[in-house]
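Being a predicted model, the structure only gives us computed values, none of them experimental. Proteins get letters first, then strands, A, B, ... in listed order; numbering begins at 1 in each.
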Amino acid sequence: MEPANLNSDASEDAALAALMRNGRSEMADDGFTARVLAALPPPKRRAVPARNVAGWLAYSIGGCAGLLVVLWRAGDPHALGGAAREFGNALVPLAATLGDPWIALAIGIAVASLGIAAASCRPRWRPW
Amino acid sequence: METPTETELIERVRVRDDRAAFGELVRQHQSAVRGFLRHLTRGDDALADDLAQETFILAYRQIGRFRGEARFSTWLLGIAHNQFRNARRKLLTAPDQTSVDADESTVPAATRAADLRADLDAALRELSADERLALHLGYAQGLSHGEIAALVDWPLGTVKTHLARSKEKLRHLLAAWNPQT
């Protein structure tokens with residue numbers, strides 16, 4: 001049989017709510033949250049975002065295009081070899097300066113700084 | 001530093017898998033969820049806490065499905081209710097919630113006579129499981145009729161009927177506490 005009145009009486013509802021909540025104060029956590037967090041599944045390894053794939057693709061295409069331009073402009077492969085040798089020869093005096101400990105220290109500090117900066121920031125253009 | 005809102009915490013969990021944010025959500029809602037499950041398990045605190053833990057883990061996994069159409073607390077209680085139903089189905093030995101609970105020994109008679117809380121607990125045992133559930137969700141948890149209907153998958157009319165019937169029974173059973181009735 002249906003109850004005579006399905007509508008709520010506000011004062012009676014308030015009294016009943018108080019009664020139902022009486023003695024039921026906020027339950028102490030008692031390490032419950034820590035247990036839940038410990039039981040969570042391990043963090044997922046994130047899939048490589050499409051943005052990063054596109055970055056790698058752009059770098060590769062750019063590199064290949066640059067190589068093609070160099071080959072095309074060189075025309076003769078022997079000439080290209082000669083140019084490479086000239087470039088290598090130009091680097092020899094530069095490499096000689098690395099023998100200076102102060103230059104080596106300066107380069108070491110610069111490389112370490114770049115490494116720390118790269119590890120601590122995530123620029124949008126970085127492809128990894 | 002400003003305390004993040006519940007919506008911000010949910011977003012952090014969803015987008016950044018921020019476990020500290022999820023921990024804050026658990027801290028905020030553990031009392032309601034554990035209280036609800038203790039009500040459903042009729043005082044089996046260990047089982048209730050196990051189910052509450054499973055509830056939060058499932059909520060963490062499915063937080064992407066939370067669209068904000070209901071309150072987060074209501075969504076959690078819905079998961080908790082499903083967890084309880086699944087557990088009851090698995091544990092065929094669990095007492096049938098539709099029968100009147102015969103375990104009155106948990107409340108000593110002397111205390112029951114002296115304490116309104118105990119009298120209320122005794123009166124609640126006279127109600128059917130569905131009436132108790134509706135009453136708990138409506139009055140202890142403060143859910144609206146619509147929220148209860150969505151949570152336990154009942155028609156709105158059924159929620160209203162259960163609440164009205166249970167209140168009528170309580171009015172009669174607790175008449176001694178309210179001489180005006």
Quiz item: Should we say atom CG of A:D100 is surrounded by more than 12 heavy atoms from elsewhere, each under 6.0 Å from it?
Solution: yes
Quiz item: Do B:Q30 side-chain atoms and A:M27 backbone N/O form a donor-acceptor pair below 3.5 Å?
Solution: yes
Self-check item: Partner chain B: residue of A:A34, A:A39, A:P41 with the largest heavy-atom pair count (under 4.5 Å)
Solution: A:P41
Quiz prompt | Structural part of B:E24 lying under 4.5 Å from a heavy atom of chain A | solution = neither
Self-check item: Shortest non-hydrogen contact from B:D49 toward A:F32
Solution: O-CE1, 3.7 Å
Quiz prompt | Verify same cluster id: A:I103, A:V111 (apolar side-chain graph, 4.5 Å) | solution = yes
Exercise. Check each atom of B:L170 against the heavy atoms of chain A and say whether the ones under 4.5 Å are side chain, backbone, both or neither.
Key: side chain
Exercise. Answer yes or no: are there more than 12 heavy-atom neighbours, outside B:R61 itself, under 6.0 Å from its atom CZ?
Key: no
Quiz item: Is it the backbone or the side chain of A:A28 that comes under 4.5 Å from a heavy atom of chain B, or both, or neither?
Solution: backbone
Quiz item: What part of B:A52 gets closer than 4.5 Å to chain A, counting heavy atoms only: side chain, backbone, both or neither?
Solution: both
Exercise. May I ask you to test the B:F56-A:T33 pair for a side-chain heavy-atom distance under 4.5 Å?
Key: no
Quiz item: Same hydrophobic cluster for A:W102 and A:I109, using side-chain heavy-atom links shorter than 4.5 Å among ILVMFWY?
Solution: yes
Quiz item: Of the non-hydrogen atoms in A:D29 and B:R34, which two are nearest, and what is the gap between them?
Solution: O-NH1, 3.5 Å
